[in-house]
Structure formats: C-alpha cells, structure tokens
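Chain A is the first sequence line, chain B the second, and so forth, proteins listed ahead of strands; every chain is numbered from 1. Treat the numbers as computed from the prediction; the structure is a model and nothing was measured.
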Amino acid sequence: METGRQAGVSAEMFALPRGLKGSNMDGIPEDLDGNLEEPRDQEGKLRSQDVMDLTEGDNEASASAPPAAKRLKTDTKGKKERKPTVDAEEAQRMSTLLSAMSEEQLARYEVCRGSAFPKARVARLMRSISCSSESENTAIAMAGIAKVLVGEVVEEALDVCEMWGETPPLQPKHLREAVCRLKPKGLFPNSNYKKNQVLLGRRPEGQVCLCRNKYCIQSWYDRTMFAGVSACQSTLDLPQS
Amino acid sequence: MADEEEDPAFEEENEEIGGGAEGGQGKRKRLFSKELRCMMYGFGDDQNPYTESVDILEDLVIEFITEMTHKAMSIGRQGRVQVEDIVFLIRKDPRKFARVKDLLTMNEELKRARKAFDEANYGS
C-alpha cells in the first residue's frame with residue numbers, strides 16, 4: 001500500500017508548507033486512501049517530500065531531484081512495519097489544517113518547525129559541564145527538550161501577556177511571571193522544591209501530632225513527615241488516646 | 001521570587017561556562033541568540049522579540065541544560081550522561097517525554113532510511 005511507504009515520517013512530511021501549497025493538496029488525502037492510480041505529478045510531489053525528510057528541515061530543498069526521489073520510493077517500500085491507516089488519517093488531517101492556514105500562520109509554522117538548537121553547540125555545552133564526551137543521541141534529546149521548554153515558557157508568557165492586557169512583543173516581566181507559574185508544575189529540574197516537607201498553613205482539623213498525644217502542643221509549622229515521636233514537645237503526660 | 005531563580009543560575013553559569021570572549025564579571029558570549037529569536041517567533045511572539053527577553057530565555061535554557069546534565073551525571077552510570085538518564089529525569093513531564101521518544105524514534109528511522117538509500121546508490 002502506498003501509505004506504507006510514507007508512514008512513520010508523515011509528521012515530517014509538512015516541514016515545508018510552502019512547497020506543499022503548490023501541489024494539489026485536496027488530491028493528496030484521496031490518494032493516500034489507497035488509490036493506486038495516482039497522477040504522475042502528484043506522485044512526484046509526494047516523493048519530493050520524502051527526500052525533504054532526509055534533508056531534515058532544509059528549507060531550501062523545494063525542488064528535489066525526482067530520480068533520486070523515485071529511487072528512495074523503491075527502497076522504503078520494503079519497510080512494512082507501520083500502521084498505514086493511522087498515518088493516512090494524520091496526513092489527511094495535517095493537509096486539511098495546512099490548507100486552512102493564512103499566509104502569516106504558515107510562515108510562523110514553517111519557522112516553528114524549522115528552528116532548533118544546533119546540536120554541536122548543545123553537545124559542547126554539555127561536554128564542558130560533564131567533562132566527558134556523550135553520544136550523538138544525548139545532544140539530540142537535550143536540544144529537543146530545550147525547544148519544548150522554550151515553547152512552554154513562551155506560550156505561558158503569551159497567556160500572561162494577554163491576561164494583563166498588553167501586546168505581543170514579550171517583555172521580561174511576562175517571561176518571569178510565566179516561569180513563576182510553571183515552576184510548581186515541575187517543568188524545571190529543581191532539587192530545592194521539597195515536596196515532602198509540610199507547607200506552611202493552618203493546622204488541618206483532626207490532625208494529631210505523630211506522638212499520638214492529643215494534648216500535644218507542637219506547632220504544625222515546624223514538623224516534617226520524618227519528625228517522629230522525638231520531635232513532640234508535649235509536656236503533658238496524659239494517657240494515650 | 002523570579003529574581004531568586006535567575007541570580008543563582010547566573011552565577012552558576014559563570015562558573016561552568018568559559019564561553020568565547022569572557023570580559024569582566026558576568027560577561028558571557030550569547031550562545032543561542034539567533035536560534036532563540038526564530039524559536040520565539042515560531043511559538044507566537046513578535047517577529048523581532050526584545051533582546052532582554054531573548055537573554056532571559058537563553059539563561060533559562062542554559063540553566064536547564066546545566067541542571068539536567070548534573071542530575072544525569074549523578075544517576076545511572078556516574079559521571080556519564082546517557083540518554084536513558086535524560087529519559088528518566090523527564091518521565092514526569094508528559095510533553096517533554098513524548099518529544100524525546102519521538103525524536104529518538106525518528107532519528108532511528110532516518111538513519112535506517114539513509115542507510116538503505118546509500119546502499120541503493122552503491123548498488124546501482
């Protein structure tokens with residue numbers, strides 16, 4: 001099935017929305033449904049997207065050589081361990097979404113997909129910290145996670161900006177507020193945030209000191225979960241309740 | 001509260017990173033300025049974001065990478081940073097976890113595709 005060839009990399013198929021825009025985007029979903037008699041030009045466009053996957057976000061590769069692309073098709077045809085229907089649906093949804101975007105949105109999406117932290121620089125940074133060389137995958141993973149982090153912070157900052165009734169160029173105060181909000185959610189690696197300690201607050205009703213003496217006068221404030229009996233300051237020797 | 005997060009991070013970065021041309025105290029070459037600008041535009045900010053905002057984000061990213069590297073060095077195989085350690089540290093955060101999984105899977109697929117492509121080229 002034709003979709004078996006493209007499956008698995010369909011998420012990357014739309015790395016170049018502008019290149020896609022020129023083709024018959026309405027025709028693509030129907031073809032991906034398994035219609036094997038595709039017109040030649042559409043096939044050429046679909047092949048070129050596969051080659052663009054290999055060039056990994058190279059935005060200038062809009063006119064890939066068809067012969068190389070056709071050769072690629074015959075190679076990847078052998079890999080059948082994908083789920084064809086799921087990726088066909090996803091590709092269809094993506095193409096519908098892309099056809100509904102405005103020019104500005106497409107430009108922004110293109111930049112969003114194409115931007116990334118350079119792996120070499122991330123690897124160099126990590127090497128200067130850990131003093132040991134890492135595998136290629138480590139830098140790839142770290143660069144990807146850093147990009148997600150930037151996305152989360154910028155989205156939260158845009159929310160903050162909108163909530164405060166201000167306009168887009170994000171100011172440092174928005175970013176700082178966004179970071180403040182995201183910290184309790186555990187998005188940043190933080191060893192200072194002691195989840196085990198009791199947070200300041202009123203003593204909940206019905207709670208007793210760990211020593212089980214209900215006349216204990218120890219304040220709830222300065223007790224941690226690991227305090228145990230020895231922390232009890234109670235001086236009343238009443239029978240245990 | 002936000003300043004507390006930035007000041008210790010700032011000092012920590014100066015200890016760790018020599019950087020390019022380190023001038024006086026607190027001067028470090030900006031590592032990710034261009035890429036961060038593109039990324040901020042992609043995620044919804046203005047086409048020309050403020051330089052101070054870009055600086056704050058860069059400090060944040062470098063602090064994040066530094067913390068993760070330190071933590072990864074302390075778990076699993078000590079003194080080394082491995083992918084499994086990063087995956088372990090990220091397990092609580094669904095978005096980042098899913099992204100790492102996707103990236104690594106796609107990387108494997110691309111490598112396989114490139115290998116098949118090269119073999120086809122070599123054969124023909």
### Query
Can you tell which of A:Ser132, A:Ser130, A:Ser135 makes a side-chain contact (heavy atoms from CB on, under 4.5 Å) with B:Val81?
A:Ser130
### Message
I need the residue from B:Arg95, B:Gln47, B:Arg80 with the largest number of non-hydrogen atom pairs under 4.5 Å to chain A.
### Response
B:Arg95
### Query
Roughly how far, to the nearest 0.5 Å, is CG of A:Asn137 from CD of B:Gln82?
11.5 Å
### Task
Give, as side chain, backbone, both or neither, the part of B:Glu84 having an atom under 4.5 angstrom from any heavy atom of chain A.
neither
### Smallest separation among heavy atoms of A:Ala146 and B:Val61, with atom names
CB-CG1, 4.1 Å
### Beyond-backbone contact of B:Leu57 with A:Val154, side-chain heavy atoms, under 4.5 angstrom
yes
### Task
Mind ranking A:Leu170, A:Val111, A:Val148 by heavy-atom pairs under 4.5 Å with chain B and telling me who comes out on top?
A:Leu170
### Query
In Å, rounded to the nearest 0.5 Å, how long is the span from CE of B:Met68 to CZ of A:Phe188?
12.5 Å
### Message
Report which part of A:Ala116 has an atom under 4.5 Å of a heavy atom belonging to chain B: side chain, backbone, both, or neither.
### Response
backbone
#### Entry: Point-to-point distance, once rounded to the nearest 0.5 Å, from CD1 of B:Ile65 to CZ of A:Phe117
6.5 Å
### Task
Keeping the roles fixed (side chain from A:Lys185, backbone from B:Asp93), state whether a donor-acceptor pair exists under 3.5 Å.
no
### Query
Which answer fits A:Lys173, side chain, backbone, both or neither, if we ask what part of it has an atom under 4.5 Å from a heavy atom of chain B?
neither
### Query
Checking B:Arg99 side chain against A:Lys147 main chain: does a donor-acceptor pair fall under 3.5 Å?
no
### Query
Under a 4.5 Å heavy-atom cutoff, which of A:Gly144, A:Gly151, A:Ala157, A:Ala143 has the most pairs with chain B?
A:Gly151
### Partner chain B: residue of A:Glu152, A:Glu134, A:Met126, A:Gln171 with the largest heavy-atom pair count (under 4.5 Å)
A:Glu152
### Query
By a 4.5 Å heavy-atom criterion (distance strictly below it), what part of A:Leu149 contacts chain B: side chain, backbone, both, or neither?
both
### Message
Within a 6.0 Å radius of atom CD on A:Glu166, are there more than 12 heavy atoms belonging to other residues, nucleotides or ligands?
### Response
yes
#### Entry: Separation between OG1 of B:Thr66 and CG of A:Leu125, rounded to the nearest 0.5 Å
5.5 Å
### Query
Do you know which of A:Val122, A:Leu158, A:Thr167, A:Ile145 has the most heavy-atom pairs with chain B at a distance under 4.5 angstrom?
A:Ile145
#### Entry: Any side-chain heavy-atom pair of B:Lys96 and A:Leu187 under 4.5 Å
yes
### Summary
Ordered numerically, the heavy-atom neighbours of chain A under 4.5 Å found in residues 32-42 of chain B are B:Phe32, B:Glu35, B:Leu36, B:Cys38, B:Met39, B:Met40, B:Tyr41, B:Gly42
### Query
Is any NZ, NE, NH1 or NH2 atom of the basic residue among A:Arg176 and B:Glu52 found under 4.0 Å from an Asp or Glu carboxylate oxygen of the other?
no
### Among B:Thr69, B:Val100, B:Asp102, residue most engaged with chain A (heavy-atom pairs, under 4.5 Å)
B:Thr69
### Query
With a 4.5 angstrom heavy-atom cut-off, which part of B:Leu103 approaches chain A: side chain, backbone, both or neither?
side chain
### Summary
One option among A:Gly186, A:Ala141, A:Pro168, A:Pro172 has the most heavy-atom pairs under 4.5 Å with chain B, and it is A:Pro172
